[in-house]
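Let me begin by presenting the structure, written as structure tokens, before commenting on it.
All figures in this text were calculated on a predicted structure; none of them were measured in a lab.
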Amino acid sequence: MTQSLDVSRKLSGDALMNFIATISATGGLLFGYDTGIISSALLQLREQFHLDTFGSEIVTSAIILGALLGCLGAGGISDRFGRRRTVMIAAALFVVGTVLAAAAQSVAVLIGSRLILGLAIGAASQIVPIYIAEISPPNRRGRLVVGFQLAVVSGVTISFLTGYFLRDSSWRIMFGIGMLPALILFIGMAFLPNSPRWLALKGRTDEALAVLCRVRSSEEAARRELQDIVDNHDEQASWSELAKPWVRPALIASTGIALLCQFTGINAIMYYAPAIFSDAGFGQDSALLTSVAVGLSMVCATIFGGWAVDTWGRRTLILRLLPGAVISLIVLGAMFALHMTSGTGAWITVLAIIGYTVCNTGSLSVAVWLVGAEVYPLSCRGKGMSLVAGSHWGADLIISLTTLSLVQGLGAHMTFWLFALVNAFAVFFVLRYVPETKGQSLEQLERSLRDGTFAPVHKS
């Protein structure tokens, strides 16, 4: 492990950037695995611990509450101690939480361990996209940051596959598998450079230049970029900076996407698909296989999105795909309303779920961490991204606590139609408030905030 990672000190340019993105994205793999594995483990946990609907929601939601707390606390830590050290703290929390979850003998310990895992996930979701965005060149920033989201959905898919193949084994093994990537993340980050923008913000310009020289094509390009960073005269800002009128368009765009990413229902499908389909008449094996199909669809959609964000653009990608999510949810709700979830109807139901997953994951889920990491000025980027992650996890907490109750109270069909309505609203929101950030440097985006040309509604 040490010998292979020491190679990072000899890499430069694109090779080093790829290595940085790969190691950093392991945080996304843990993020996806630890949030997704509960959907399979819950089938065993409900039986072993005699969990009712409310108890299932509490066990599921503990990790989300932890993530909400973790992302809000990570902003100040990353601004003070650096992006790289904050990721290492998150990795250590992943290790502790995984050990406790796999060894849990009671519901209370299980909830506590998932709370710790949540702290790690929240910190990783806040800081890994910033770290990658701040060290990436503009022409590759989109696909490299989306690599974090690809790792997230890959982690989700691995959790679904693990749940299926270990369905007759202990849920403890399901949780314990997360130990390996947590150790890789912790050890790997020790060999990676600091963010050059964080170094410049701290006045350590010589170190910032040294890092930029390693990850850019030439020393001249590195010096130009450093000069552009320094010319913005950023100083570490307080939380109150986010409330200032010139920063507000970035706050609206980024937190709006973060909220809508959850309220459009993608994690409701991820967390509760096996339970919903099992209750609808699918056998347990069929319900778990449906989840695997959802996970694979997420991976394919994210790979496509990673290409599209730098080819079509972030905003264009969302506007082209999201209407497909609306149509898919309408069809899905209709299949449940007409009780056509068996025979041919089962295939239509699964196709509708996959259609929704591809269109939603390939647009909003691809853009959420990327746009959040791009739009804020350097002086308050860490704190701004904390609000993005906090909005995301706050909405996720609401979704995870209410989805099963919504299905029981309104019926699955009305729940899916409600999500369709939110997806339609998301199209309007992006059209009005989210700018195209493709191809622009972080400093150019900051200047558009200062001169009032950031949001589409302002330009019109």
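Under the rule for a side chain to side chain contact (heavy atoms under 4.5 Å, CB included), the partners of Pro138 that lie at least two apart in sequence or sit in another chain are Arg141, Ser441. Evaluation of the side chain to side chain contact (heavy atoms under 4.5 Å, CB included) rule for Leu296 yields Thr157, Val292 as partners, not counting sequence neighbours. Evaluation of the side chain to side chain contact (heavy atoms under 4.5 Å, CB included) rule for Asp451 yields Ser448, Thr453 as partners, not counting sequence neighbours. Residues passing the salt bridge (Lys or Arg N to Asp or Glu O under 4.0 Å) test with Lys202: none are found, sequence neighbours excluded. Applying the salt bridge (Lys or Arg N to Asp or Glu O under 4.0 Å) rule to Arg85 yields no partners; only residues at least two apart in sequence or on another chain are considered. Residues satisfying the side chain to side chain contact (heavy atoms under 4.5 Å, CB included) criterion with Pro196, sequence neighbours excluded, are Ile135, Ala208, Val211, Leu212. Considering only residues two or more places apart in sequence or on other chains, Arg224 meets the salt bridge (Lys or Arg N to Asp or Glu O under 4.0 Å) condition with Glu220.
Every pair passing side-chain hydrogen bond (donor to acceptor under 3.5 Å, both in side chains) that includes a residue from residues 314-327 is listed here, sequence neighbours excluded: Asp310-Arg314, Arg314-Glu374, Arg314-Thr437. Screening residues 18-29 for side-chain hydrogen bond (donor to acceptor under 3.5 Å, both in side chains), with sequence neighbours left out, gives Asn18-Arg140. Within the structure, side-chain hydrogen bond (donor to acceptor under 3.5 Å, both in side chains) contacts touching residues 117-128 (residues at least two apart or in different chains) are Ser125-Trp393, Gln126-Ser386.
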- Derivation of the side chain to side chain contact (heavy atoms under 4.5 Å, CB included) call for Ser297 and Thr361: CA-CA 9 Å; Ser297 300; Thr361 303; over 6 Å; no
- Determine, stepwise, if the pair Leu251 / Tyr376 fulfils side chain to side chain contact (heavy atoms under 4.5 Å, CB included). CA-CA 8 Å; Leu251 187 67; Tyr376 288 100; 3.4 Å; yes
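The existence of a salt bridge linking Arg381 and Glu134 is confirmed by a sub-4.0 Å separation between a basic side-chain nitrogen and an acidic carboxylate oxygen.
Relative orientation of the Phe148 and Trp369 rings is perpendicular, given thresholds of 30° and 60° on the angle between their planes.
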Under 3.5 Å, sequence neighbours excluded: what are the donor-acceptor pairs made by side chains of residues 109-124?
residue: Ser113; atom: OG; partner: Val109; partner atom: O; Å: 3.3
residue: Ser113; atom: OG; partner: Leu110; partner atom: O; Å: 2.8
residue: Arg114; atom: NE; partner: Val59; partner atom: O; Å: 2.9

Name every donor-acceptor pair, under 3.5 Å, that has one atom in a side chain of residues 298-307 and the other anywhere in the protein, sequence neighbours excluded.
residue: Thr302; atom: OG1; partner: Met298; partner atom: O; Å: 2.7
residue: Trp307; atom: NE1; partner: Thr311; partner atom: OG1; Å: 3.4

